[in-house]
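Computed from heavy atoms alone, side chains included, the values below leave out hydrogens, waters and symmetry copies.
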Amino acid sequence: MTGLFFSSTLMWNGTLEQMFRMAAEHELQGMEIWAQHFEARGFSVDEYLRLSRLYGTETIVHAPSWDINIASMSDKIRRGSLKETKRAVDFALRIGSCELTVHPGHASLPAEKEASYDRLFDSLCELYEYAFPKGAAISLEVMEKLPVMLADSAENMKLATRALFGRFTYTVDSAHCDGEEEVFSLLRTLPSVSKIHISNRSGQKLHTPLFRGDHDFIRLLPKLWGIGIPLVIEGMDCDQDFSFLKSTLSFVEDVVKNPRSRCAAERKNEDKAVCM
């Protein structure tokens with residue numbers, strides 16, 4: 001399905017060959033490779049490039065986000081986080097990624113938010129100056145609403161990026177949004193949205209399967225699909241059978257590729273909500 005990607009973390013214990021085969025079998029446009037996943041599993045860049053050419057699969061890279069904070073009040077942590085993010089820029093260029101997804105930093109303490117915005121802007125300036133001359137596109141992700149988050153809305157993203165607001169592209173994450181209207185509000189307000197991460201949420205539990213959670217993806221998914229922006233299925237699955245991804249792809253195919261079978265998708269949605 002052109003326009004549909006999946007996160008590599010949904011096949012955490014898979015091989016590169018299995019990931020590419022999954023994308024090919026479901027006719028997906030590509031994958032979003034998490035840099036930390038690639039490194040943790042000891043994958044080979046040469047092997048990745050070989051398989052990418054073989055299967056014709058496109059690549060997006062997600063910069064490190066675990067243990068990373070480019071707005072930290074600790075200068076050593078902030079500098080180390082920037083170093084890791086720059087490494088991800090170079091990694092993305094090596095494997096032919098069309099862009100790098102970056103989580104904006106967060107305040108070390110809620111009371112430190114004002115100073116954190118200054119530190120974050122300094123980091124974003126440095127990242128921009130490093131990445132853009134190399135031809136690397138940076139897409140900043142709008143984050144979930146937590147007391148320490150700095151870029152959890154279009155307005156706060158503008159506070160974080162200041163003069164660079166129009167220089168970056170942005171990633172909207174449905175699981176970070178409180179409702180359907182917020183998704184479309186971000187799409188209208190942000191200057192350039194490069195992709196939408198799609199997963200559901202159940203209260204404060206984020207990145208549940210599309211068919212289980214507070215958002216009604218039987219209604220929402222066709223609307224997002226119709227916009228024409230790439231959609232990336234997100235989540236985390238350490239099982240060997242990749243059931244999260246397989247069941248989600250089946251759901252997407254029912255809802256998007258076969259609109260007349262949406263009633264069947266609704267029944268499947270109800271059944272899976274009971275058994276999962």
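- Remark: the backbone N or O of Gly213 is not paired with any side-chain donor or acceptor of Thr208 at under 3.5 angstrom.
- Atom CZ of Arg87 sits about 4.5 Å away from atom CD of Glu39, to the nearest 0.5 Å.
- Side-chain atoms of His215 come within 3.5 Å of backbone N or O of Ser174 as a donor-acceptor pair.
- For His176, the side chain to side chain donor-acceptor pair (under 3.5 Å) criterion is met by Glu144, not counting sequence neighbours.
- With values rounded to the nearest 0.5 angstrom, Arg212 atom CZ is found 9.0 Å from Thr248 atom OG1.
- You'll find the side chain of Ile218 reaches within 4.5 Å of the side chain of Phe251, heavy atoms only.
- Within the 4.5 Å cutoff, side-chain heavy atoms of Phe184 are placed close to those of Glu180.
- Listed by chain and number, the residues in a salt bridge (Lys or Arg N to Asp or Glu O under 4.0 Å) with Arg79 are Glu126 (sequence neighbours excluded).
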*Do Val252 and Phe217 pass the side-chain contact (heavy atoms from CB on, under 4.5 Å) test, and can you show the C-alpha distance, the side-chain angles, and the key distance before you say yes or no?*
CA-CA 9 Å; Val252 171; Phe217 269 95; over 6 Å; no
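- Put simply, the side chain of Thr189 never gets that close to the backbone of Leu186: no donor and acceptor are under 3.5 Å apart.
- Residue-environment remark: CD (Gln204) stays at or below the threshold of 12 foreign heavy atoms within 6.0 Å.
- Electrostatic pairing of Asp122 and Arg119 does not count as a salt bridge here, judged by no charged N lying under 4.0 Å from a carboxylate O.
- There is a path of hydrophobic side-chain contacts, each under 4.5 Å, that joins Ile229 to Leu4.
- Residues satisfying the side chain to side chain donor-acceptor pair (under 3.5 Å) criterion with Glu17, sequence neighbours excluded, are Arg21, Tyr55.
- Counting heavy-atom neighbours within 6.0 Å of Asp67 CG, excluding the residue itself, gives a total of 12 or less.
- With hydrogens and angles ignored, the 3.5 Å screen pairs a side-chain donor or acceptor of Ser153 with a backbone N or O of Asn156.
- A distance of 6.0 Å or more separates the ring centres of Tyr128 and Phe121.
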*Give the intermediate values and the outcome of side-chain contact (heavy atoms from CB on, under 4.5 Å) for residues Tyr117 and Arg162.*
CA-CA 10 Å; Tyr117 276 115; Arg162 302 179 186 178; 4.0 Å; yes
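- Partner Leu28 forms a side-chain contact (heavy atoms from CB on, under 4.5 Å) with one of Thr57, Leu249, Thr2 and no other, that one being Leu249.
- Within the 3.5 Å criterion, the main-chain N or O of Ser108 finds no donor-acceptor partner in the side chain of Glu112.
- For the pair Glu155 and Lys158, the salt-bridge criterion is not met [side-chain N within less than 4.0 Å of a carboxylate O].
- Here the CD-CG distance, from Glu114 to Leu150, works out to 11.5 Å after rounding to the nearest 0.5 Å.
- Between Thr101 and Glu32 the shortest side-chain heavy-atom distance falls below 4.5 Å.
- Transitive grouping of hydrophobic side chains (ILVMFWY, heavy atoms separated by less than 4.5 Å) brings Met19 and Ile95 into a common cluster.
- Minimum heavy-atom separation, Pro64 to Gln36: CA-OE1, 3.1 Å.
- Other residues, nucleotides and ligands contribute only 12 or fewer heavy atoms inside 6.0 Å of the NZ atom of Lys205.
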_Determine whether Leu220 and Ile198 satisfy the following criterion, side-chain contact (heavy atoms from CB on, under 4.5 Å), listing intermediate values before the conclusion._
CA-CA 10 Å; Leu220 180 57; Ile198 55 171; over 6 Å; no
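- Residues Pro191 and Phe165 approach most closely at CD-CZ, 3.3 Å, considering heavy atoms.
- The backbone N or O of Met149 sits less than 3.5 Å from a side-chain atom of Lys113, completing a donor-acceptor pair.
- Between Lys223 and Ile227, the closest side-chain pair of non-hydrogen atoms is not below 4.5 Å.
- Between Gly105 and Asn69, the closest heavy-atom pair is CA-OD1, 3.4 Å.
- Side-chain atoms of Leu187 and Ile196, non-hydrogen and from C-beta on, do get closer than 4.5 Å to each other.
- At a threshold of 4.5 Å between non-hydrogen side-chain atoms, the residues Asp239 and Trp12 do not count as touching.
- Tracing side-chain contacts under 4.5 Å through hydrophobic residues (I, L, V, M, F, W, Y), one never reaches Leu245 starting from Ile60; they form parts of separate clusters.
- Ring geometry, Trp34 versus Trp66: the interplanar angle falls under 30°, so the pair is classed parallel (tilted spans 30 to 60°).
- The distance from atom CG of Leu127 to atom OG of Ser81, rounded to the nearest 0.5 Å, is 11.5 Å.
- A donor-acceptor pair shorter than 3.5 Å can be found between the side chains of Ser123 and Arg78.
- In this structure, Trp225 and Leu231 approach most closely via the heavy-atom pair CE3-CD1, 3.6 Å.
- Note that the NE2 atom of His106 and the OG atom of Ser72 stand 7.5 Å from one another [nearest 0.5 Å].
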_Verdict with supporting geometry, Ser247 and Phe211, side-chain contact (heavy atoms from CB on, under 4.5 Å)_ = CA-CA 9 Å; Ser247 58; Phe211 47 78; 3.4 Å; yes
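- The backbone N or O of Thr15 sits nowhere less than 3.5 Å from a side-chain atom of Arg41 that would complete a donor-acceptor pair.
- Between Val61 and Ser97, the shortest heavy-atom contact is N-OG, 3.1 Å.
- At least one side-chain heavy atom of Leu124 sits under 4.5 Å from a side-chain heavy atom of Leu140.
- In this structure, the side chain of Asn200 engages the main chain of Asp214 through a donor-acceptor pair within 3.5 Å.
- Leu49 and Val89 fall within the same hydrophobic cluster, defined by Ile, Leu, Val, Met, Phe, Trp and Tyr side-chain heavy atoms under 4.5 Å apart, directly or through other members.
- Tracing side-chain contacts under 4.5 Å through hydrophobic residues (I, L, V, M, F, W, Y), one reaches Ile33 starting from Leu10; they form part of the same cluster.
- Not a single donor-acceptor pair under 3.5 Å links the side chain of Ser185 to the backbone N or O of Glu181.
- Ring orientation note: the planes of His62 and His103 are nearly perpendicular, at an angle over 60° on the 30°/60° scale.
- Side chain of Thr169 to main chain of Ile138: a donor-acceptor pair is present (N/O by atom type, distance under 3.5 Å, no hydrogens or angles).
- When every heavy atom of Ser139 is checked against every heavy atom of Tyr170, the shortest pair comes out as OG-C, 3.1 Å.
- Side-chain contact of Thr9 with Ser7: a donor-acceptor pair under 3.5 Å is present, judged by distance alone.
- A distance of 11.0 Å separates NZ in Lys86 from CD1 in Ile70, rounded to the nearest 0.5 Å.
- Using a 4.5 Å heavy-atom threshold, the side chains of Phe168 and Met157 count as separate.
- A salt bridge between Lys246 and Asp241 is absent, with no side-chain N of the basic residue lying under 4.0 Å from a carboxylate O of the acidic one.
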